[in-house]
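Presented below is the structure to which this report refers.
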Amino acid sequence: MVVTIDAVQAALKDLIDPNTKKDFISTRSAKNIRVEGDKVSLDVELGYPAKTQIEGIRSAVVAAIKTVPGVSRVEANVTMKIVAHAVQRNLKPLKGVKNIIAVASGKGGVGKSTTAVNLALALAQEGATVGLLDADIYGPSIPQMLGLAGRQPESEDGTSMDPLLAYGLQTMSIGYMIDVDAPMVWRGPMVTQALEQLLNQTNWKDVDYLIVDMPPGTGDTQLTLAQKVPVTGAVIVTTPQDIALIDARKGLKMFDKVGIPILGLVENMSIHICSKCGHEEHIFGHGGGELMCKDYDVEFLGSLPLELSIRELADAGRPTVVGAPDSRAADIYRMIARRVAVKVAERAKDMSAKFPNIVVQNT
C-alpha cells in the first residue's frame, strides 16, 4: 500500500492536542511531513511551553500515524517555539520580553500573588524563560514568597538593574529596595512612576513570558499601567463568593476598556477538603467563577483548593509548584499555566519588527 501525505494529514486531523483542544493540522503544528516508502517523518512545533508533555505528544503522534495502512516507521520531532504576540494599539513589546501577562484581581485577599508566582514557576518548569514583576508597590510579597527577602538587585551602569533569580525565574520587586516594615506612603503618580521604572529599567534577558503581579483594585494606578504597559493578555483571579466576583467583574471590564484581552479566570479557594476526615466543603460558595465566565464569554482556566500547604509553602519561600511538585495543587497550576500559554499562542503575532521604517524624503 502506497503511503501518501494526505493520508498522514487525515490521521493527524483526528488527533487532538490535549492542551490546545484542537488537532495538529488546523493549528499548523505538524510541519515538514515526509514520506519515504513505509517511513514517515515530521516535525511538530508547539507554540507554547510543554516540556512535561512532549514525550506524551510525540507518542500520540507516532501512534496516530501508524494507523495509516502501509506505515511501519515514524519519526516525530516535537519542539517548542514561543514568539511575541500583539499588544495594545500604539504600544510595542518590551525589549527583552516577548509576552507580558498581567495577573489581576478586583480586590485583595483572593490569592492573586500566590497564583502569579505559581503560574510563573509552572511556565518555567514547562521550559519557558520567565520573568516575574511584583507590581504591588503597597504590599510587595514576591520577595518573601521566593525566599529573596533581604536581597537587593545589582546595577552595573547605575541606571538599570539586573533581576534577582529564584527557581529559574527573573524577578523584580520594590520589596528588594525597601525595609520589610517600611510603609509605602506614596500617592498614585509616584507609584505609577516607580512601576514604570521597575519594568523598563530591569535588564530582562530573553523572557518568553513576563508575569506581572498587579496591585489589587481598579484605580488610577491599574488603569495607567494597563494603558502604558504592552500587555499580551490578562488573567483574572477571584474566589467563588459574590463579594469577590463583583470586584472581579470590574477588573475584567477595566482590561476590556483598554483593549487587553482576557486570557481566562482562575478561581481560588474553591473547595476545602478536611485533612482528617476527607469531608469536602465549598466554604466560599460554588460555581461563581464559572458563571462569571459564561456571562462574559471568558475561559474558565481552573479552580484551586483551599489548602493549608499552599499558604505554608508560599510563606516559607517555596511555592507549591517547587515545594510540592507532585501534589494535586501543583498539577492544577501547571495545567492552568499551559492553558494560559496556549491562549497567548492563539493571539495574533507581533509584526512590528518585520516591517522597516518608511521615510519619505524630497529629492
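Residues: numbered from 1 along the sequence shown.
- Across Ala50 and Arg338, no two heavy atoms sit closer than the pair CB-CD, 4.4 Å.
- Within 6.0 Å of the NZ atom in Lys81, the count of heavy atoms belonging to other residues, nucleotides or ligands does not exceed 12.
- The shortest distance between side-chain heavy atoms of Leu198 and Met161 falls below 4.5 Å.
- The distance from atom CH2 of Trp204 to atom CD of Gln170, rounded to the nearest 0.5 Å, is 7.0 Å.
- Tyr176 places a side-chain heavy atom less than 4.5 Å from the side chain of Thr171.
- Between atom OG1 of residue Thr114 and atom CG of residue Asn268 there is a gap of 7.0 Å, rounded to the nearest 0.5 Å.
- When every heavy atom of Lys205 is checked against every heavy atom of Pro163, the shortest pair comes out as NZ-CD, 3.8 Å.
- Rounding to the nearest 0.5 angstrom, the gap separating the NZ atom in Lys294 from the CZ atom in Phe300 is 10.5 Å.
- Ionic pairing of Arg334 and Glu126 is not present here: no N-O contact between side-chain nitrogen and carboxylate oxygen is shorter than 4.0 angstrom.
- Of all heavy-atom pairs between Ala324 and Leu313, the closest is CB-CD1, 3.9 Å.
- Tracing side-chain contacts under 4.5 Å through hydrophobic residues (I, L, V, M, F, W, Y), one never reaches Met269 starting from Leu291; they form parts of separate clusters.
- Hydrophobic clustering (ILVMFWY, side-chain heavy atoms < 4.5 Å, transitive): Ile142 and Ile100 are in one cluster.
- The minimum heavy-atom distance between Ala11 and Thr67, with the atom names listed, is CB-OG1, 4.4 Å.
- A salt bridge links Glu346 with Lys22: at least one charged nitrogen is closer than 4.0 Å to a carboxylate oxygen.
- Using modelled atom types and a 3.5 Å distance limit, the side chains of Asp213 and Ser113 yield a donor-acceptor pair.
- For the pair Asn118 (side chain) and Thr320 (backbone), a donor-acceptor distance under 3.5 Å is present.
- Two residues are said to be in side-chain contact when any heavy atoms from C-beta on lie closer than 4.5 Å; Gln201 and Thr159 fail this criterion.
- At distances below 3.5 Å, at least one donor-acceptor pair connects side-chain atoms of Thr27 with backbone N or O atoms of Asp23.
- A 6.0 Å sphere centred on CZ of Arg34 holds more than 12 heavy atoms belonging to other residues, nucleotides or ligands.
- For the salt bridge (charged side-chain N to carboxylate O under 4.0 Å, His left out) test, residues two or more places apart in sequence or in another chain that qualify with Arg58 are Glu55.
- By the 4.5 Å heavy-atom criterion applied to side chains, Leu132 and Tyr167 are not counted as neighbours.
- Once rounded to the nearest 0.5 Å, the distance linking CD of Glu75 with CD1 of Ile65 reads 11.0 Å.
- Residues Leu148 and Ile137 share a hydrophobic cluster, clusters being chains of Ile/Leu/Val/Met/Phe/Trp/Tyr side chains in contact below 4.5 Å.
- Between Gln88 and Val258, every side-chain heavy-atom pair lies at or beyond the 4.5 Å cut-off.
- Side chain to side chain, Tyr48 and Thr20 fail the donor-acceptor criterion of an N or O pair below 3.5 Å.
- Atom-to-atom distance recorded for Gln144:CD and Ser173:OG is 11.5 Å, nearest 0.5 angstrom.
- The hydrophobic clustering, which links ILVMFWY residues whose side-chain heavy atoms are closer than 4.5 Å, places Val117 and Tyr209 together.
- Grouping the Ile, Leu, Val, Met, Phe, Trp and Tyr side chains by contacts below 4.5 angstrom, directly or via other members, places Leu169 with Met214.
- Residues meeting the salt bridge (charged side-chain N to carboxylate O under 4.0 Å, His left out) test with Glu307, sequence neighbours left out: none.
- Judged as a salt bridge (charged side-chain N to carboxylate O under 4.0 Å, His left out), and not counting sequence neighbours, Asp136 has no contacts.
- Residues forming a salt bridge (charged side-chain N to carboxylate O under 4.0 Å, His left out) with Glu196 (at least two apart in sequence, or on another chain): Lys228.
- Through side-chain heavy atoms spaced under 4.5 Å, either directly or across other Ile, Leu, Val, Met, Phe, Trp or Tyr residues, Ile16 is tied to no other residue.
- The nearest pair of heavy atoms linking Pro319 to Leu146 is CG-CD2, 4.3 Å.
- Around atom CG of Asp157, more than 12 heavy atoms belonging to other residues, nucleotides or ligands sit under 6.0 Å away.
- In this structure, the separation between CD on Glu45 and CG on Asp43 is 8.5 Å, given to the nearest 0.5 Å.
- There is no side-chain donor-acceptor pair under 3.5 Å between Thr4 and Asp6.
- Partner of Leu301 under the side chain to side chain contact (heavy atoms under 4.5 Å, CB included) criterion, chosen from Ile332, Val237, Val340, Thr115: Val340.
- Side-chain contact check for Met177 versus Pro153: some heavy-atom pair is nearer than 4.5 Å.
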Donor-acceptor pairs are to be reported for all side-chain atoms of residues 244-256 against protein atoms at under 3.5 Å, with residues two or more places apart or in another chain.
{"residue": "Arg249", "atom": "NH1", "partner": "Asp295", "partner atom": "OD2", "Å": "3.4"}
{"residue": "Arg249", "atom": "NH2", "partner": "Asp295", "partner atom": "OD2", "Å": "3.2"}

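- Side chain of Thr238 to main chain of Glu267: no donor-acceptor pair is present (N/O by atom type, distance under 3.5 Å, no hydrogens or angles).
- Between Val78 and Leu46, the closest side-chain pair of non-hydrogen atoms falls below 4.5 Å.
- The closest donor-acceptor contact from the side chain of Arg318 to the backbone of Val322 lies under 3.5 Å.
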Between Ile82 and Val344, is a side-chain contact (heavy atoms from CB on, under 4.5 Å) present by the stated rule, with each step listed? CA-CA 10 Å; Ile82 303 168; Val344 169; over 6 Å; no
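- For CG of Asn32, the number of neighbouring non-hydrogen atoms (other residues, nucleotides, ligands) closer than 6.0 Å is greater than 12.
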Going through the checks in order, is the side-chain contact (heavy atoms from CB on, under 4.5 Å) test met by Thr52 and Gln125? CA-CA 8 Å; Thr52 64; Gln125 284 190 356; 5.7 Å; no
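- Side-chain contact check for Lys21 versus Val342: every heavy-atom pair is 4.5 Å or farther apart.
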